[in-house]
Trainee: 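After the C-alpha cells below, expect a handful of questions from me.
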Amino acid sequence: MSGEFRTVGVVGLGTMGTGIAEVLARHGLRVIGVEVDEAAVVRARDLLRASTGRAVERGKTSPAERDELLSRIEIGCDFARLAPVELVIEAVPEHLALKREVFAQVDRIVAADAVLATNTSSLSVTELAVATENPRRVVGIHFFNPAPVQGFVEVVQTVVSEQQVVDDVVALVRRLGKEPVVVGDKAGFIANALLFGYLNHAVTMYEQKYAAREDIDAAMRLGCGLPMGPLALMDLIGLDTAYEILDSMYKQGRDRLHAPSPVIKQMVTAGWKGRKTGRGFYTYDTPGSSTVVPDALTPVVASSPERGRSLNVVGVIGSGTMAIGITEVFARAGFEVLVVARGPQQRDRVLAGLAAALDRQVAKGRLDPADRAAVLGRVTVTLDLEDLAPVDLALEAVVEDLEVKRALFARLDRICRPGAILATTTSSLPVIDCAAATTRPQDVVGLHFFNPAPAMKLVEVVSTVSTAPEVAAAAVEIARRLGKHPVSCADRAGFIVNALLFPYLNDAVRMLAAHYAQADDIDRAMKLGCGYPMGPFELLDVVGLDVSLTIERVLYEEFAEPGFAPSPLLEHMVTAGYLGRKTRRGFRTYA
Ligand SMILES: NC(=O)c1ccc[n+]([C@@H]2O[C@H](COP(=O)([O-])OP(=O)(O)OC[C@H]3O[C@@H](n4cnc5c(N)ncnc54)[C@H](O)[C@@H]3O)[C@@H](O)[C@H]2O)c1
C-alpha cells in the first residue's frame, strides 16, 4: 500500500493510546480503538473526554470542534472492528509477549497491505515484526507523552521494514503537525536512550536520600530550564511503564545505569504507578489528575531561623563573573557587601562590571535609577582579606583550584568572627575539603550559584558531613532572602544539577560517536520530544567542551561508574581545541 492513511486503529487506549487517538482525530482521521474489556473502554472514553475538555477550557478548541473530534473516535473491545483500517498503532503495556499477541491478533484481521506500528519505547521492533505474517509492513511510531502536545515522533525502521511503509508513516507524522526522525531499532531509540538513564539516576538520588524529591525536581527545572523535574516526569510517564522501559533497555544494552532503581519496582508493586493511580513520587488529588497534594514527605517550610535574619553583612572573595554576579544579587537584596579583590586591576573590574550590570537593568526598566545608586552604595571593594573580620557570611568565588580554596579557608578561619558562616561557591570540588582547612567545619557550607547569578533562580545549598544543621538552615534562609530558590543536597561531586546533567550529555556524545543518530536529530529529539530548551550538543557548545570534560572527569573519579567515563570523542575534540562557541568550533561551527 502506498498513500494517505484515512482510518487508523489504535490498540490500547491508556496514557499514550488516548493521546494518539486524539491527535489522529484532530487531524481528520477516523480512529477505531480497541481496549481489553468494557471497563477499559469506559475508562478510555473518560480519559478522552477529560483531555479534550481541558483543551476547550484552555480555549484551544471550541466545544463544537471537540464534539466533532470525539465523533471520529470509536472505541470497543472487539478486534474484528479493525478490519477496515489501513494502519494499526498498538499502545498496550510495555511487555514483549503481550505486544506480540496483539500483533498476531491484528494480523489475522486487517488487510494484507495494512501497516502495523508499535508505540513501544524500548522493546525491539524487529522482534515484534518477525512475529507477524509480513515483517516488512511493521515499523515503530514512537510518540512522546503527552502525545497531543509533544511535537516529535521517532519512526523506527527495522532492517526488514519496507521503505514505502516508512515513507508513508513519515508523511502521516508530518500531516499530524509533528516532526519525524527515522531511526534504527535500538533500545530507547534517541530520546529515551538519553532520558531514562537520567531519570533512573534521579530516582537513585531520591532513594539514597541525597536530596528531597521537591529539591531534585526544582534543581533540574530551575538549573537547566527543563519543563518538569525528573520525578514529576516519572509520575507522568507512569512508574510501571518507566520500569519496563528501563528493564528492557538494561537487558538489551547491559548498561548498569539503566538497571531500574529498586524503589521503582517497589512502588509499582504497591500500586503507586504515578499520576494514573493518584500516587507515585508525589500524591495527586485523584487518579489521573496533575494536581499535587501534600503528603507525609511534603516539606514544611521551616520559617526563618533567627540566624538567617540577623545576617546582614556579607564578604565576597573574588573578582570574576560569579563574584560580580553574586555581589549584585546580595547588594540588590539589601545586604552590605564587602568584596575582596586581589589587586587594583581586579578591583576596577568588579566596580566596572557591577556598574555595567546595573546600567543594563536600569535600561531594561528592571531597576529604578535611584535604587541603582543605593545598590552601589552598599558595595565596598577592598584589597585586604583582613577587612572581612566583622562579616556574618564570607562567600568565596575564586578560581576552581582546591589548593587555592583551602589556603583561603584557612585564612578566613583566622580572620572571620566566631559564628560567621564560611561558604564556597565551587561547582565541582568537595566542600568538606574547604571545611577541613578550618577549625570550624560546622560553619562551612556550599552555596552553589548558577551563571549568570542575577538571572538564575537556583542555589544549591551543600551540607558536608560536618555542617551544623542550623548553619545549613541559615544558608537556605539567606538564599530565600535573595529571592532565589534554594535546594539542599549532600556534598557529592556535581551536587544535584551537574551530577544529573553531565552523564546525560556524555551519553549523547557516545550516541553520536556510535553513529546511531546525528547531532541535529539528537538535539531535535530532546527539544521537541522532551521539551528541553536546548539539545545536548547546543548546550555542550555553550558550556564549553573543556569545562564539560572536566566535570565529567570529576564525576567519573568520584563515583567510578563505568558509564560516566568521558566519551573518547569529547576528549579528542578538547585535545583538538574544538571547545565550543568560544573557539567558534565545537559540535557545530560558528561564524
Ligand atoms: N507513558 C509514556 O510516557 C510513553 C511514551 C511513549 C511511548 N510509550 C509506550 O506506549 C505504550 C503504552 O504505554 P502507556 O503508558 O500508554 O500504558 P498504559 O498502561 O497507560 O495503557 C495501556 C493500555 O492498554 C490496554 N491494554 C492492555 N492489554 C490490552 C490488549 N490485549 N488489547 C487492547 N488493549 C490492551 C490497557 O487496558 C491500557 O488502557 C508502551 O509500549 C509504552 O512503552 C509510553
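Atoms within each ligand, like the ligands themselves, are counted from 1 in listed order.
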Trainee: Among Thr132, Val11, Leu87, find the one that has a side-chain contact (heavy atoms from CB on, under 4.5 Å) with Leu116.
Mentor: Thr132

Trainee: Report yes or no: does a heavy atom of Phe144 sit under 4.0 Å from some atom of ligand 1?
Mentor: no

Trainee: Please say whether more than 12 non-hydrogen atoms of neighbouring residues, nucleotides or ligands are located less than 6.0 Å from CD in Glu561.
Mentor: yes

Trainee: Considering only non-hydrogen protein atoms, determine which one is nearest to atom 3 (O) of ligand 1 and report residue, atom name and distance to 0.1 Å.
Mentor: Asn145 ND2, 2.9 Å

Trainee: Could you establish whether Gly238 and ligand 1 come within less than 4.0 Å of each other, counting only heavy atoms on the residue side?
Mentor: no

Trainee: Among all protein heavy atoms, pick out the one at the shortest distance from atom 12 (C) of ligand 1; state its residue, atom name and that distance to 0.1 Å.
Mentor: Ala91 O, 3.1 Å

Trainee: Does the pair Arg510/Asp507 count as a salt bridge with the N-to-O cut at 4.0 Å?
Mentor: yes

Trainee: Is it the case that ligand 1 has an N or O less than 3.5 angstrom from some N or O of Met16?
Mentor: yes

Trainee: Looking at ligand 1, would Glu90 count as a contact under a 4.0 Å heavy-atom criterion?
Mentor: no

Trainee: Between the main-chain N or O of Ala114 and the side-chain N or O of Arg137, is there a donor-acceptor pair closer than 3.5 Å?
Mentor: yes

Trainee: Looking at atom 15 (O) of ligand 1, what's its closest protein heavy atom, distance included?
Mentor: Thr241 OG1, 3.3 Å

Trainee: Would you check the N or O atoms of His142, main chain and side chain alike, for any that come under 3.5 Å of an N or O of ligand 1?
Mentor: no

Trainee: Tell me which protein heavy atom sits closest to atom 35 (C) of ligand 1, plus the residue, atom name and distance to 0.1 Å.
Mentor: Val92 CG1, 3.5 Å

Trainee: At a non-hydrogen distance cut-off of under 4.0 Å, which region of Lys276 contacts ligand 1 (side chain, backbone, both, or neither)?
Mentor: side chain

Trainee: With the threshold set at 4.0 Å, does a side-chain nitrogen-carboxylate oxygen contact exist between Asp46 and Arg49?
Mentor: yes

Trainee: Which atoms of ligand 1 sit under 4.0 Å from any heavy atom of Leu13?
Mentor: 39 (O)

Trainee: Can you sort out which atoms of ligand 1 are near Ile237, meaning under 4.0 Å from one of its heavy atoms?
Mentor: 1 (N), 2 (C), 3 (O)

Trainee: Which protein non-hydrogen atom lies closest to atom 27 (C) of ligand 1, naming both residue and atom, and how far is it?
Mentor: Pro93 CD, 3.3 Å

Trainee: Enumerate the atoms of ligand 1 whose separation from the nearest heavy atom of Leu98 is less than 4.0 angstrom.
Mentor: 28 (N), 31 (N)

Trainee: Under a 3.5 Å threshold, yes or no: a donor from one side chain and an acceptor from the other, between Glu94 and Thr120?
Mentor: yes

Trainee: Using the ring of each side chain (for Trp, its six-membered ring), is His448 parallel, tilted or perpendicular to Phe450, with breaks at 30° and 60°?
Mentor: tilted

Trainee: Of all the non-hydrogen atoms in the protein, which one sits nearest to atom 39 (O) of ligand 1, and at what distance?
Mentor: Glu35 OE2, 2.5 Å

Trainee: Got the closest protein heavy atom to atom 10 (O) of ligand 1, with its distance?
Mentor: Asn119 ND2, 2.9 Å

Trainee: Which atoms from ligand 1 have a heavy atom of Val34 less than 4.0 Å away?
Mentor: 33 (C), 34 (N)

Trainee: About how many Å separate CD of Glu162 and CG of Asp113, when rounded to the nearest 0.5 Å?
Mentor: 10.0 Å

Trainee: Just which atoms of ligand 1 are under 4.0 Å from any heavy atom in Val11?
Mentor: 32 (N), 33 (C)

Trainee: Do Lys178 and Phe152 meet the cation-pi criteria used here (NZ or CZ under 6.0 Å from the six-membered ring centre, within 45° of the axis)?
Mentor: no

Trainee: I want to know whether Tyr532 and Tyr504 have ring centres closer than 6.0 Å.
Mentor: yes

Trainee: Considering the heavy atoms of Glu94, write down every atom of ligand 1 situated less than 4.0 Å from one of them.
Mentor: 40 (C), 41 (O), 42 (C), 43 (O)

Trainee: Report, in ascending order of atom number, the atoms of ligand 1 lying under 4.0 Å from any heavy atom of Thr120.
Mentor: 41 (O)

Trainee: Under a plain distance cut-off of 3.5 Å, with no hydrogens placed, do Glu90 and Thr118 share a side-chain donor-acceptor pair?
Mentor: yes

Trainee: Atom 21 (O) of ligand 1: which protein heavy atom is closest, and how many Å away?
Mentor: Gly14 CA, 3.3 Å

Trainee: Got more than 12 heavy atoms from elsewhere within 6.0 Å of CZ, Arg256?
Mentor: no

Trainee: Does atom CZ (Arg588) have a neighbourhood of more than 12 heavy atoms from anything else shown, all under 6.0 Å?
Mentor: yes

Trainee: Can you confirm if the NZ or CZ of Arg254 lies within 45° of the ring axis of Tyr250 and under 6.0 Å from the centre of its six-membered ring?
Mentor: yes

Trainee: Does any N/O atom on Ser121 come nearer than 3.5 Å to any N/O atom on ligand 1?
Mentor: yes

Trainee: Please confirm whether Arg43 approaches ligand 1 to less than 4.0 Å, judged on its heavy atoms.
Mentor: yes

